[in-house]
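Inspection log for the structure reproduced underneath, given as structure tokens.
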Amino acid sequence: MTAGSATGGAEIRFTVDGSIPEESSLLYTGRMMVWWDGNPGNLRIGGNLVTGPITSSTGMKIRVFREGYEPSPVLTMGFTTAAPTPAPY
């Protein structure tokens, strides 16, 4: 996943628990990968460990912030979590 803003100095914040992102939410710092770490209810998103409530079908909400500006509208992106498939021997 990759996101960006045309507004210089803006910060992209995100959540995966259904809540609306705030200025204190996780910071998007560049291209990120989303993966399940094997523990129920946990995802790893970029370098961040995100704990539940994460279900088998969840989504990411993204919002852009910059001092002196109103926050952007919320963008919702969907993804589905699944246990990894074991590699054959």
* To do: Compare every heavy atom of Phe14 with every heavy atom of Ile62, then report the nearest pair and how far apart it is.
  => CG1-CB, 4.2 Å
* Asked: Using a side-chain heavy atom cutoff under 4.5 Å and only I, L, V, M, F, W and Y, what cluster partners does Val74 have?
  -> Ile20
* Structure fact -> In this structure, CD of Glu11 is separated from CD of Glu67 (nearest 0.5 Å) by 10.0 Å
* Mind checking what makes side chain to side chain contact (heavy atoms under 4.5 Å, CB included) contact with Ser25, not counting sequence neighbours? -> Arg13, Thr15, Pro21, Glu22
* **Nearest-0.5 Å distance, CG of residue Leu26 to CE of residue Met60** => 9.0 Å
* Structure fact -> Closest non-hydrogen contact found for Ile12 with Val64 is CG1-CG2, 4.0 Å
* Using the test side chain to side chain donor-acceptor pair (under 3.5 Å), find all partners of Ser19 that sit at least two apart in sequence or belong to another chain. => Asp17
